[in-house]
Amino acid sequence: MPHQRIVSLLPAATEVICALGLEHQLIGRSHECDYPSSIANLPICSSAKFISGSSSAEIDSQVKEILSDSLSIYEIDRELIKQLAPDVIITQAQCEVCAVSLNDVELALKDLLEKECRIISLKPNGLDDVYKDIQLLANELGVPDTGVELMELSEERINIIRHKLKFISEKPSVACVEWLSPMMIAGNWTPEIVEIAGGVPILTQSGKHSSYVNFEDILQTNPDILVIMPCGFSIQRTLQEINLLIDLPGWSDLKAVQNQKIFIVDGNQYFNRSGLRITDSIEIMAEIINPKQFIFGYEGSGWLQFKV
């Protein structure tokens with residue numbers, strides 16, 4: 001396949017494109033694309049309408065207000081994209097809040113480009129969808145064999161975890177908090193990640209969107225392990241708002257708190273990105289749930305144990 005001019009408006013897709021050996025074909029990225037660091041100098045083709053640095057509650061409020069007006073929470077730089085003249089634009093149709101959506105791109109491209117431009121839209125709901133989309137990208141971009149190799153490597157890594165946990169019957173209950181205020185429990189592929197890593201996900205359902213919960217639901221289910229993974233937040237960013245949990249009535253009564261089984265993970269780089277590092281996320285979860293069986297080396301960078 002000839003050289004293609006690619007604009008990626010999805011961080012997970014940007015990572016996959018680079019892993020497929022096609023970084024030299026990238027000509028533009030979204031404001032959220034930050035990995036690998038070598039793509040930092042690419043033109044930024046989008047921006048968010050909500051105010052950077054806002055608290056969890058403020059971000060939630062701003063997003064809901066924008067969406068209530070039937071508007072997108074992201075803006076696409078039409079003039080820049082016109083100048084870049086891409087052959088391919090990659091976006092997603094999974095979540096209007098998480099990244100630039102298919103609808104955003106279609107509206108922005110209407111009567112804009114003077115040549116044909118392919119839109120590749122990804123919509124992963126479960127773990128299988130994530131890996132299928134990676135292979136889809138490889139196929140669509142003309143490197144199917146590289147995609148197969150990447151899939152086989154991921155499968156090998158996951159099978160190592162499955163094999164080690166084959167005869168372990170004790171499975172702790174795990175609640176994965178994806179947003180702090182209002183509180184949300186991670187859905188989609190996260191429950192499957194927990195299961196592969198040897199845990200039992202609670203208050204969630206595989207393949208379904210993340211759901212709002214009350215803290216009373218956490219208290220009632222009283223999970224063995226609590227993993228804090230706000231979407232788009234680094235560990236340091238999450239620590240800035242950890243008091244939203246600590247100050248809740250009943251927090252200290254939780255089994256996970258008493259047993260020091262509270263963990264904060266990098267919800268920006270891992271877990272919430274549907275790219276190849278979803279396999280890293282599985283390894284991180286395995287380290288957290290079964291520390292005696294697994295040491296992959298993510299502690300301190302991908303996750304840390306939070307002690308009150």
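Sequential numbering from 1 along the given sequence is applied to the chain's residues.
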Is there a side-chain contact (heavy atoms from CB on, under 4.5 Å) between Ile39 and Cys33 once you walk through the steps?
-> CA-CA 8 Å; Ile39 56 95; Cys33 297; 4.1 Å; yes
Would you check if Thr204 and Thr190 make a side-chain contact, meaning some heavy-atom pair closer than 4.5 Å?
-> no
OH (Tyr212) and CE (Met184) are apart, to the nearest 0.5 Å, by 4.5 Å
Taking side chain as C-beta onward, heavy atoms only, is Ile90 less than 4.5 Å from Val7?
-> no
Within-4.5 Å side-chain heavy-atom neighbours: Gln293 and Ile168 | yes
Shortest non-hydrogen contact from Ser173 to Asn222?
-> OG-O, 4.3 Å
Nearest atoms (heavy-atom pairs only) where Leu80 meets Cys45 | CD2-SG, 3.9 Å
Would you call Arg29 and Asp34 a salt bridge, using N to O less than 4.0 angstrom?
-> no
Calculate, to the nearest 0.5 Å, the distance between atoms OG and CD1 belonging to Ser154 and Ile134 respectively.
-> 6.5 Å
Backbone of Phe296 reached by a side-chain donor or acceptor of Glu287 within 3.5 Å = yes
When every non-hydrogen atom of Glu140 is compared with those of Gln4, the smallest separation belongs to O-OE1, 4.3 Å
Linked, directly or transitively: Ile17 and Met151 (ILVMFWY side chains, under 4.5 Å) | yes
Before accepting this row, confirm whether a basic side-chain N of the pair Glu195/Lys171 lies closer than 4.0 Å to the acidic partner's carboxylate O.
-> no
Atom pair CG (Leu10) and OG (Ser121), whose distance is rounded to the nearest 0.5 Å | 9.0 Å
Run the numbers on Ile81 and Arg78 for side-chain contact (heavy atoms from CB on, under 4.5 Å), then give the verdict.
-> CA-CA 5 Å; Ile81 287 182; Arg78 282 169 49 88; 5.9 Å; no
Assess whether side-chain hydrogen bond (donor to acceptor under 3.5 Å, both in side chains) is satisfied between Ser47 and His31, documenting all intermediate values.
-> CA-CA 6 Å; Ser47 59; His31 61 290; over 6 Å; no
Passing candidate, side-chain contact (heavy atoms from CB on, under 4.5 Å) with Leu141, options Thr146, Leu22, Leu136 | Leu22
Can you tell if the side chain of Trp189 reaches within under 4.5 Å of the side chain of Ile278, non-hydrogen atoms only?
-> yes
Hydrophobic cluster membership, Val265 vs Val200, 4.5 Å side-chain cutoff | no
Just say parallel, tilted or perpendicular for the rings of His24 and His3, cut-offs at 30° and 60°.
-> tilted
Evaluate the side-chain proximity of Ile193 to Tyr270: yes if any heavy-atom separation is below 4.5 Å, no if none is.
-> no
Would Leu276 end up clustered with Val148 when hydrophobic side chains under 4.5 Å apart are linked, directly or stepwise?
-> no
Backbone N or O of Ala197 within a donor-acceptor pair of the Asn290 side chain at under 3.5 Å?
-> yes
side-chain contact (heavy atoms from CB on, under 4.5 Å) between Lys123 and Asp129: does it pass, once the steps are laid out?
-> CA-CA 8 Å; Lys123 191 179 180 180; Asp129 299 330; over 6 Å; no
Any side-chain heavy-atom pair of Ile235 and Leu304 under 4.5 Å = yes
Distance col, row Ser301:OG vs Asp266:CG, nearest 0.5 angstrom, shows 8.5 Å
Criterion salt bridge (Lys or Arg N to Asp or Glu O under 4.0 Å) against Glu283, the qualifying member of Arg277, Arg157, Lys164 | Arg157
Checking Asp217 side chain against Asn214 main chain: does a donor-acceptor pair fall under 3.5 Å?
-> yes
Is the distance between the ring centroids of Phe271 and Trp303 less than 6.0 Å?
-> no
Work out which heavy atom in Gly198 is nearest to a heavy atom in Ile289; give both atom names and the distance.
-> O-CG2, 3.8 Å
Spacing of CG belonging to Leu180 relative to CD belonging to Gln240, to within rounding of 0.5 Å | 11.5 Å
When every non-hydrogen atom of Ile218 is compared with those of Met183, the smallest separation belongs to CG1-SD, 3.8 Å
Glu192 CD to Ile158 CD1 distance, which is reported to the nearest 0.5 Å = 10.0 Å
Looking only at heavy atoms, the pair that brings Ile44 and Ser30 closest together is CG2-C, 4.0 Å
Would you indicate whether Gln258, at its atom CD, is surrounded by more than 12 heavy atoms from other residues, nucleotides or ligands within a distance under 6.0 Å?
-> yes
What about Ile264 and Leu248, same hydrophobic cluster or not, with Ile/Leu/Val/Met/Phe/Trp/Tyr joined at side-chain heavy-atom distances under 4.5 Å?
-> yes
Give a yes or no answer on whether the side chain of Asn159 reaches the backbone of Glu155 with a donor-acceptor pair at less than 3.5 Å.
-> yes
Can you check whether Gln25 reaches Arg5 side chain to side chain, under 4.5 Å on heavy atoms?
-> no
Would you mind checking if Lys255 and Asp224 are paired as a salt bridge, meaning a charged N to carboxylate O distance below 4.0 Å?
-> yes
Are Arg273 and Gln269 close enough that some pair of their side-chain heavy atoms sits under 4.5 Å apart?
-> yes
Hey, mind stepping through Val16 and Asp133 against side-chain contact (heavy atoms from CB on, under 4.5 Å) and telling me if it holds?
-> CA-CA 10 Å; Val16 173; Asp133 277 353; over 6 Å; no
